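Quick notes on the structure that follows.
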2 protein chains.
Amino acid sequence: MFSAIDMEEHVVRPIGRRGESRARVLEAAVKLFSENGVSGTSLRMIADELGVTKAAVYHQFASKEEIVLAVAQPAVDGLTSAADHAEQQSPPHARFDAALEGLVAVVIQQRASAVVIRDPVAARLLETHSQYRIALNRIQDFLIGSEPTEEARIALALLGGSLFVSGTDPALIAVGADRLRATLQETARNLLQPFRPPA
Amino acid sequence: MFSAIDMEEHVVRPIGRRGESRARVLEAAVKLFSENGVSGTSLRMIADELGVTKAAVYHQFASKEEIVLAVAQPAVDGLTSAADHAEQQSPPHARFDAALEGLVAVVIQQRASAVVIRDPVAARLLETHSQYRIALNRIQDFLIGSEPTEEARIALALLGGSLFVSGTDPALIAVGADRLRATLQETARNLLQPFRPPA
DNA sequence: GTCTATAGGGAGATAGAC
DNA sequence: GTCTATCTCCCTATAGAC
């Protein structure tokens, strides 16, 4: 069944645990996506970055789409958690606060995932991912209510732009997480204050 | 010199004036860039959109890079004009006001050009365009001074994100120019207020 | 200003050996 | 888990006729 060589592989390469190769592919993909965009990054570039062939990458992911979705998944999970946490608060103002802080926290923790929505095609792909749409809609409800005015929708879109650059602008990479979080929360509060859902 | 046929061409096809074909290429390019991104748009797609062949497009522009730069040029010119106009004001607060209003006006009038900076490779290309860098630096000086603090640079980056989505977010396309301009000016003022250059 | 034709290369993806 | 080899298609760009 298992040869001595197989056993030894497990001893001398503890690094080869299940999922390690997938993670390395995603790491390389995020780096290249942020430099060249999703459409500007080929599977060959990802393979070269890892020092392997394209076929090795295709062993981990069936398609480029799968890689894109896997890159975005941590952020999608973060948004879902943020919506769950906000929902557990009882007064509406506490839900607003929790949703806003959760949203900013995802941007801070998952900055890299923003590269996906920078590409229009990848962004559309993500929008077909129901978990993503649902989480965003729930957070939107907590922030500006379920029937927002046009002004509220504009404000939310402008906030989205600010959050987006926080994840993609090279000039902000050097900024510490704490300072960036504080600025984002203040900015978000100022933008959305007039449109908070009624109690 | 000019044959009768040449003359007749001018009569029956007044539409074929110099530059018309270039303009049609740019119009198609902007549309496709916004749908698929710059890297996701091929010259074949542009040609198909116009009902011609790739070679016809190459007759107007020597390369894809040239198309990208030509798409961005109206915005670059707008930024330069805005910087010129701000410079003519004398008190610093008037320069701030003029720079801010000029910047917002460019975003409103040249929304389509934002598609170029959505692509990381195209954005880098644009940054090698000295007229663009110079205009942006001048406007930055009027808004947050020539030696901004880190907080000021963060605020300016966040504003940049909001301006950027104004040009690219499909949800904002339906918003009237006047309402969007007013919201952007207010947002920009709130974001930059604490960092205005000293008088 | 538009066409056909072509060059030279890279894309995503698959088959099958090790 | 990685490889070589290959398929098919599309890419940017150019040459030269009309």
Side-chain angles (χ1 to χ4, degrees), chain A residues 2-29 32-33 36-71 119 121-122 125, chain B residues 2-3 5-29 32-33 35-71 119 121-122 125:
Chain A
F2 294 106
S3 71
I5 291 179
D6 280 330
M7 297 301 285
E8 220 177 320
E9 284 280 316
H10 285 115
V11 174
V12 295
R13 287 193 56 202
I15 237 172
R17 288 189 304 275
R18 194 141 109 277
E20 285 269 338
S21 294
R22 267 181 75 96
R24 285 175 66 229
V25 169
L26 293 179
E27 205 178 320
L32 293 168
F33 286 172
N36 315 302
V38 174
S39 297
T41 301
S42 68
L43 288 177
R44 189 187 191 286
M45 292 162 81
I46 296 174
D48 285 354
E49 176 78 20
L50 295 170
V52 298
T53 61
K54 278 189 295 176
V57 176
Y58 272 108
H59 181 72
Q60 308 289 341
F61 298 92
S63 66
K64 191 178 172 183
E65 273 195 9
E66 256 192 29
I67 298 179
V68 171
L69 289 175
V71 164
D119 185 288
V121 178
L125 172 63
Chain B
F2 294 106
S3 71
I5 291 178
D6 279 331
M7 296 301 285
E8 219 177 322
E9 284 281 315
H10 285 115
V11 174
V12 296
R13 285 193 56 202
I15 238 171
R17 288 188 305 275
R18 194 142 108 275
E20 284 268 340
S21 294
R22 268 182 75 98
R24 286 175 65 229
V25 168
L26 293 179
E27 204 178 320
L32 293 168
F33 285 172
E35 287 170 9
N36 315 302
V38 174
S39 298
T41 301
S42 69
L43 289 176
R44 188 187 191 286
M45 290 162 82
I46 296 173
D48 285 356
E49 176 79 19
L50 295 169
V52 298
T53 62
K54 283 187 291 176
V57 176
Y58 272 109
H59 181 73
Q60 308 289 341
F61 298 92
S63 66
K64 191 177 171 182
E65 273 195 10
E66 256 192 29
I67 297 178
V68 170
L69 289 176
V71 164
D119 185 288
V121 177
L125 172 64

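Bear in mind that the values here come from a model prediction, so they are computed numbers and not experimental data.
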Where the side chain of B:R44 is concerned, which of D:dT2, D:dC11, C:dA11 is the nearest nucleotide? D:dC11
Pick base, sugar-phosphate or nothing for A:T41, based on heavy-atom distances below 4.0 Å to the nucleic acid. sugar-phosphate
Whole angstrom is fine here: how far is it from CG in A:L50 over to C1' in D:dG1? 13 Å
A:E65, CD: over 12 other non-hydrogen atoms inside 6.0 angstrom: no
Nearest heavy-atom pair of A:M45 and A:L32: which atoms, and what distance? O-CD1, 3.5 Å
Specify the separation, in whole Å, of atom CG of B:D48 and atom C1' of D:dC11. 13 Å
Can you check the B:K64 NZ to D:dT12 C1' distance for me, whole Å? 9 Å
Using atom names, set out every protein N or O paired with an N or O of nucleotides 14-18 of chain C below 3.5 Å, distance rounded to 0.1 Å.
none

Could you report the tightest heavy-atom contact between B:S39 and A:S39, atom names first, then the distance? CB-CB, 3.9 Å
OP1 or OP2 of D:dT2 sitting under 4.0 Å from any side-chain N/O of A:T53? no
Whole-Å distance between D:dT2 P and A:E20 CD? 11 Å
If I take atom CD in residue A:E65 and atom P in nucleotide C:dA11, what distance separates them, rounded to the nearest angstrom? 18 Å
In terms of heavy-atom contacts, A:F33 and A:I67 come closest through CZ-CG2, 4.3 Å
Determine the minimum heavy-atom distance between B:E66 and B:Q60, stating which atoms define it. OE1-O, 4.5 Å
Note: A:A70 and A:F61 closest approach over all heavy atoms is CB-CE2, 3.9 Å
Take atom CD1 of A:I46 and atom C1' of C:dA11, then tell me their distance rounded to the nearest Å. 13 Å
Figure out the CG/P separation between B:L43 and C:dA7, and round it to whole Å. 20 Å
Within the structure, does a side-chain N or O atom of A:S42 lie under 4.0 Å from either OP1 or OP2 of C:dA11? yes
Roughly how far apart are A:K64 NZ and A:I46 CD1, rounded to 0.5 Å? 7.0 Å
Comparing nearest nucleotides in DNA chain D, the 5'-proximal residue of the pair A:V52, B:M45 is A:V52
Send over the distance from A:E66 CD to C:dA13 C1', rounded to a whole Å. 13 Å
